[in-house]
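All chains are named by letter (A, B, ...) in the order of the sequence lines, taking the proteins before the strands, and each is independently numbered beginning at 1.
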There are 2 protein chains.
Amino acid sequence: MTNPQGISELVINRLPRYYRFLGELLAQGVQRISSRELSEKIGLTASQIRQDLNCFGGFGQQGYGYHIAQLRDEIGNILGINKPNKAVLIGAGNLGRAIASHMAFESKGFKLIGIFDKKEALKGQIIKGLPIRHIDDLDDFCRENLPVCAILCIPQKDAYEICNSLIHLGIKGFWNFSHYDLTVNHPEIAVENVHLGDSLMKLSYKIKNIND
Amino acid sequence: MTNPQGISELVINRLPRYYRFLGELLAQGVQRISSRELSEKIGLTASQIRQDLNCFGGFGQQGYGYHIAQLRDEIGNILGINKPNKAVLIGAGNLGRAIASHMAFESKGFKLIGIFDKKEALKGQIIKGLPIRHIDDLDDFCRENLPVCAILCIPQKDAYEICNSLIHLGIKGFWNFSHYDLTVNHPEIAVENVHLGDSLMKLSYKIKNIND
DNA sequence: GGTAATATATGAACAAATTCACAAATTTAT
DNA sequence: ATAAATTTGTGAATTTGTTCATATATTACC
């Protein structure tokens, strides 16, 4: 059962965490786990874990708990990370290059197929086996290779325009590291804004209010 | 009034977003804004914006709205990004180097004062004016310079140990890019887990369920 | 094979977050 | 100066999310 209809975003946020912890357990050779045990490891209540998983179907078994490998597979299916989405990365600056080389795209439902930048000087440089291409080649490349996802590591000022052309080229999902808030303008497209700056400011708040 | 006591995390999450949008408006020369206007730009309800801000005090004026520069300052104070926290970055791999060079730490309440890695080969390389130091020099450096924040761009397997030593060296806040879940183990320390992999999996889910 | 222990699934109770609605204050227009 | 139009701040209503409690199923053990 993998039929999500009106699942709360808060539940979705927790799914990758479950997936990660189950992967670790599996790597340790653990085969089964109860919601109570998992709750201790993961720092949530057992009740919430059961409630979350039940949004998608009854994956557990009374008296036994959850079969880890199977549950992890189910969550992987729900997240849709089994068949990879073809992705292009736009902006091969510091951050773009780091994302390209650092991320394990394959294990998270994506396959990076092209890297683009507007700087002529970067053209041809190889990252993770892919040559940096000039941004002018993006249109042709997309028409030929049909990526569904774009990773935006570009300045805010360029984001709106590039995002628009990408939508016309059939891009359905954006992983957005630019400081531009895509969600606001294109609700019909899947967007995941990262906003590292916001995260850093939240840390500042937490440090400041450490004794509350 | 900047006295946060039992403020919900959801409110805190929105503060940087307010701060960002107010900064943009200010840059455009706008001086005042109503919660209704802001709500349209930012994609939240006006009511929620008023409710959020009122957690910290009445910054608006009936009939007028909010004075942008003043409100932004107030939020900056609440977030504590005015006096910078000294920070060290651990792990000068692809991601660490990108974070060091890419992030505008100063405008977000931090000052990067040291970069460390365990690889001898990287030692001495300059990033953003700072030399990469060997991880063995971390103890001395901390005792001398008293950083309060550490940015972890290291593999999961090293995170637990380094995190522990850093806590003993007086580190109060962690900006964690490793795949290790710090929150689970040290609730008394301020932690902001980034988990880019989780974000990518969420995007996968959103792409898969684009028509719901 | 039967009994005790375990653990899920699920509906109900509770808690938290968001939205609504309006009085009070201020601005703007005349 | 007065009236009309804005717009906040705030308590109440509503919605959403989390936790509790238990019937039901399964396993483990004697």
Side-chain angles (χ1 to χ4, degrees), chain A residues 1-15 17-18 21-22 25 30-75 78 183 202 212, chain B residues 1-15 17-18 21-22 25 30-75 78 183 202 212:
Chain A
M1 213 165 290
T2 312
N3 181 22
Q5 194 82 16
I7 303 294
S8 148
E9 179 128 16
L10 294 169
V11 176
I12 309 304
N13 288 345
R14 287 189 289 265
L15 290 183
R17 194 138 129 246
Y18 295 142
F21 273 88
L22 292 170
L25 287 165
V30 190
Q31 299 211 340
R32 61 182 265 193
I33 197 163
S34 69
S35 58
R36 185 183 49 72
E37 285 173 293
L38 187 57
S39 78
E40 284 161 16
K41 288 197 184 294
I42 216 168
L44 299 167
T45 66
S47 191
Q48 180 162 60
I49 293 173
R50 290 201 301 275
Q51 200 77 272
D52 281 353
L53 297 177
N54 259 94
C55 293
F56 303 97
F59 304 128
Q61 198 166 9
Q62 282 134 323
Y64 177 90
Y66 296 89
H67 185 70
I68 294 179
Q70 180 206 309
L71 177 58
R72 183 161 177 274
D73 267 6
E74 291 282 6
I75 296 176
I78 293 162
T183 6
K202 271 193 282 174
D212 295 346
Chain B
M1 212 164 294
T2 312
N3 181 21
Q5 195 82 17
I7 303 294
S8 147
E9 179 128 15
L10 293 169
V11 175
I12 308 305
N13 287 345
R14 286 188 290 266
L15 291 182
R17 192 138 131 246
Y18 295 143
F21 273 88
L22 292 170
L25 287 164
V30 188
Q31 299 211 339
R32 61 181 267 193
I33 197 162
S34 68
S35 58
R36 185 184 49 71
E37 285 174 292
L38 187 57
S39 78
E40 284 161 13
K41 288 198 182 296
I42 216 169
L44 299 168
T45 67
S47 189
Q48 179 162 59
I49 292 172
R50 291 201 301 276
Q51 202 77 273
D52 280 353
L53 297 177
N54 261 94
C55 294
F56 303 97
F59 303 129
Q61 199 167 10
Q62 282 136 323
Y64 177 90
Y66 297 88
H67 184 71
I68 294 179
Q70 180 207 309
L71 178 58
R72 184 161 176 274
D73 266 6
E74 292 282 7
I75 296 176
I78 293 162
T183 7
K202 272 193 282 175
D212 294 346

For a salt bridge (charged side-chain N to carboxylate O under 4.0 Å, His left out) check, start with the C-alpha distance between R36(A) and E40(A), then their side-chain angles and the critical distance, and finish with the verdict. CA-CA 6 Å; R36(A) 185 183 49 72; E40(A) 284 161 16; 3.4 Å; yes

Residue Q51(B), side-chain atoms from C-beta onward, closest of dC20(D), dT19(C), dT8(C): dT19(C)

When you measure from the centre of the six-membered ring of Y64(A), is the NZ or CZ of R32(A) under 6.0 Å away and within 45° of the axis? yes

Can you measure H67(A) atom NE2 to dA7(C) atom P for me and round it to whole angstrom units? 16 Å

Taken to the nearest whole Å, CG/L38(B) to C1'/dT7(D) is 13 Å

For dT19(D), take OP1 and OP2 only and decide whether either is under 4.0 Å from a side-chain N or O of T45(A). yes

From CG of N54(B) across to P of dA23(C) the rounded distance in Å is 18 Å

Could you walk me through whether L44(B) and Y18(B) pass the side chain to side chain contact (heavy atoms under 4.5 Å, CB included) test, one step at a time? CA-CA 10 Å; L44(B) 299 168; Y18(B) 295 143; 3.7 Å; yes

Of all heavy-atom pairs between S39(A) and A46(A), which one has the smallest distance, and what is that distance? CB-N, 3.4 Å

Any side-chain N or O of R36(A) less than 4.0 Å from the OP1 or OP2 oxygen of dA7(C)? yes

Return the minimal non-hydrogen interatomic distance between R14(A) and D52(A), and the atom names on each side. NE-OD2, 2.5 Å

Atom of L22(A), atom of R72(A) and distance for their closest heavy-atom approach: C-CD, 3.8 Å

Is it the case that the side chain of Q70(A) and the backbone of H67(A) share a donor-acceptor pair, with hydrogens and angles ignored and the cut-off at 3.5 Å? no

Euclidean distance, atom CG of residue D52(B) to atom P of dG9(D) [Å, nearest integer]: 12 Å

Grab the N/O contacts between the protein and nucleotides 14-17 of chain C below 3.5 Å, and write none if there aren't any.
residue, atom, partner, partner atom, Å
dA17(C), OP1, S8(B), OG, 3.0

Could you check how far CD1 of I49(A) sits from P of dC20(D), rounded to whole Å? 14 Å

What pair of heavy atoms forms the shortest contact from L53(B) to F59(B), and how long is it? O-CE1, 3.8 Å

Which is it for Q51(A) and T45(A) under the side chain to side chain contact (heavy atoms under 4.5 Å, CB included) test, yes or no, and what are the steps along the way? CA-CA 10 Å; Q51(A) 200 77 272; T45(A) 66; over 6 Å; no

Would you mind building the protein contact string for nucleotides 21-30 of chain D? One character per nucleotide, 5' to 3', B for base within reach (heavy atoms under 4.0 Å), S for sugar-phosphate only, - for untouched. B--BBB-S--

